[in-house]
Amino acid sequence: MERRLERLSWPALRAAASRPGSTVVWPFGAIEQHGPHLPLGTDALFAERVLEAVLEGWACQGAAEPTWPLWRLPVQAIGFSPEHQGFAGTLSLDAETLIAVVLAVGRDLAAAGFRRLVLFNGHGGQIALLQVAARQLRAAHPALAVLPCFLWSGPEGIADLIPEPERSQGLHAALAETSLMLHLAPSLVGPLPPADGLPSQVPPPGWSLEGAAPSAWLTRDLSQSGVIGDPGEASGELGQALFERLVAGWRSRFEALLASDWPPASPGGDYSPGQHP
C-alpha cells in the first residue's frame with residue numbers, strides 16, 4: 001500500500017480521502033544548529049525516521065496493514081528557529097509564514113475530504129506555534145481534526161532512560177539527541193564536545209527554562225557551542241533504546257487514533273448566553 005501522498009494520482013488521493021477516518025501525517029523538523037557535532041537537519045531526520053519505522057512496522061504485519069487509512073506528507077524541513085539564530089546554518093521561517101503554510105496545506109486537505117491531520121513535530125522550539133496553527137486551521141475547517149504533537153512527548157519510558165541532570169537540563173544537542181543520532185546515522189556525528197549551556201545562574205525560584213513558568217530563552221543566553229547539556233556519555237545503545245520506545249509509543253497512538261471515530265460529531269443546535277445546554 002502506497003502511503004506517501006505525493007506518489008498518489010489524484011483519483012487515488014480522492015479515494016483515500018473518502019475512506020472513513022482518513023488521516024494524513026505531516027512530519028515537521030528544522031534546519032538549525034545542533035552544536036559542533038550534529039547536523040543541521042537533526043530534528044527533521046528524527047521525525048522522518050520514527051514515522052518511517054511506524055509505517056514499516058505495519059507493512060510487516062502483512063494482510064492487516066492496508067486496513068489503516070493513513071498517508072504521510074513529505075517532511076517540512078525548515079521550521080521556526082529564532083532561538084538558534086546567530087549560529088551559522090540556522091534557517092528560520094517567520095511565525096506568520098509557518099502558520100500560513102499549515103493553514104494553506106490544511107485547507108486543501110480538508111477540501112479533498114480528509115478527516116484528520118497530524119502535525120508530527122520533531123523540533124521543540126515550534127511546539128506552541130504549531131498548536132496555534134492547529135487551532136486556527138480547525139476553526140477554519142471544523143470537519144478536519146488537527147492533532148499537533150511533539151516527537152519526544154507521549155511515548156512511555158523516554159524519561160526513564162535519561163538520568164538527571166540531563167533529563168531536565170539537556171535541552172539541545174545533548175545526551176538524548178546525540179545518542180539517537182549515533183543509532184540512526186552515526187556517520188553524521190562529529191567528535192563529542194564538552195558539556196555546555198548549563199547556566200551558572202538559574203532562573204528565579206518558581207521559574208524555569210522550559211516547562212512550568214518558562215522563559216523565552218535564546219541559545220546565546222546559555223551556550224557558546226550551541227549545545228545545552230552534556231553529550232559526553234551518548235551512545236548508540238542508548239539511542240537504540242530511545243528509538244524503540246519512540247516507535248512503539250507512536251505506533252500505539254496512531255493505531256488508537258485510526259481505530260477511533262475521532263473527532264466527535266458536532267452536537268449541533270444553537271446556543272445563546274443564558275441558556276443551559
Side-chain angles (χ1 to χ4, degrees), residues 3 21-30 42-58 61 68-73 75-77 79-80 98 102 106 114-135 137-138 144-164 166-181 183-184 208-212 214 229 238-264:
R3 294 195 180 275
S22 57
T23 301
V24 175
V25 182
W26 189 1
F28 281 77
T42 290
D43 294 336
L45 186 150
F46 289 167
E48 181 108 64
R49 294 290 291 274
V50 170
L51 180 57
E52 286 176 351
V54 170
L55 300 181
E56 288 170 2
W58 286 339
Q61 295 174 11
W68 298 121
L70 182 141
W71 294 265
R72 59 155 297 183
L73 286 172
V75 65
Q76 174 62 38
F80 177 69
L98 188 57
V102 173
F114 284 100
R115 297 288 291 129
R116 295 181 285 224
L117 173 62
V118 178
L119 307 180
F120 192 62
N121 172 38
H123 169 41
Q126 60 196 15
I127 294 172
L129 184 63
L130 289 178
Q131 289 172 342
V132 170
R135 189 77 69 182
L137 178 59
R138 181 71 200 285
L144 180 71
V146 189
L147 299 95
C149 55
F150 180 46
L151 175 71
W152 293 92
S153 296
E156 293 77 11
I158 299 297
D160 297 341
L161 296 174
I162 308 298
E164 290 290 0
E166 274 296 290
R167 186 184 305 162
S168 56
Q169 296 181 353
L171 301 183
H172 191 69
L175 178 64
E177 288 192 309
T178 303
S179 294
L180 187 56
M181 190 64 78
H183 171 60
L184 292 177
S208 59
L209 292 178
E210 292 191 347
L238 174 58
Q240 180 177 356
L242 289 167
F243 184 69
E244 289 172 353
R245 293 194 185 186
L246 286 167
V247 172
W250 285 112
R251 183 177 296 148
S252 174
R253 277 160 177 76
F254 283 130
E255 289 178 352
L257 177 64
L258 293 167
S260 75
D261 58 359
W262 187 263

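No experiment lies behind these values; they were computed from the predicted model shown.
With rounding to the nearest 0.5 angstrom, the CZ atom of R116 is 4.0 Å from the CG atom of L257. Taking OG1 of T42 as the reference point, atom NE2 of H172 lies at 7.5 Å (rounded to 0.5 Å). Here the straight-line distance linking atom CH2 of W68 with atom CD of E255 works out to 5.0 Å at 0.5 Å rounding. Note that the CZ atom of F114 and the CG atom of L70 stand 9.5 Å from one another [nearest 0.5 Å]. For the atom pair CG of L258 and OG1 of T23, the computed distance is 5.0 Å after rounding to the nearest 0.5 Å. To the nearest 0.5 angstrom, R135 atom CZ is 13.5 Å from L130 atom CG.
Summarising the geometry of L238 relative to S179, their closest heavy-atom pair is CD2-OG, 3.3 Å, with the distance given to 0.1 Å. L246 and L180 make their closest contact through CD1-CD2, 4.1 Å (heavy atoms, listed as atom of the first residue, atom of the second, distance). Summarising the geometry of R138 relative to P263, their closest heavy-atom pair is NH2-CB, 4.4 Å, with the distance given to 0.1 Å. When every heavy atom of L137 is checked against every heavy atom of V102, the shortest pair comes out as CD2-O, 4.1 Å. When all heavy atoms of A47 and F28 are compared, the pair lying nearest together is CB-O, 3.6 Å. The minimum heavy-atom distance between S168 and L171, with the atom names listed, is O-CD2, 3.8 Å.
Not a single donor-acceptor pair under 3.5 Å links the side chain of R245 to the backbone N or O of I158. Listed for the Q126 side chain is a donor-acceptor partner under 3.5 Å among the backbone atoms of G29.
Aromatic ring pairs are classed by plane angle as parallel below 30°, tilted from 30° to 60° and perpendicular above 60°; the pair W250 and F120 is perpendicular.
No side-chain heavy atom of H183 sits less than 4.5 Å from a side-chain heavy atom of L242. For the pair C149 and V118, the minimum side-chain heavy-atom distance is below 4.5 Å. The shortest distance between side-chain heavy atoms of V50 and P27 does not fall below 4.5 Å.
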Inset, instruction - Would you check, one step at a time, whether the test side-chain contact (heavy atoms from CB on, under 4.5 Å) holds for R3 with V25? - result: CA-CA 10 Å; R3 294 195 180 275; V25 182; over 6 Å; no

Inset, instruction - Using the side-chain contact (heavy atoms from CB on, under 4.5 Å) rule, take F254 and L51 through it: C-alpha gap first, then chi angles, then the decisive distance, then the call. - result: CA-CA 10 Å; F254 283 130; L51 180 57; 4.2 Å; yes

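Sorted by first and then second residue, the side-chain hydrogen bond (donor to acceptor under 3.5 Å, both in side chains) pairs with a member in residues 43-53 read H34-D43, D43-H123, E48-R72; sequence neighbours excluded.
Not counting sequence neighbours, E164 has no partner by the salt bridge (Lys or Arg N to Asp or Glu O under 4.0 Å) test.
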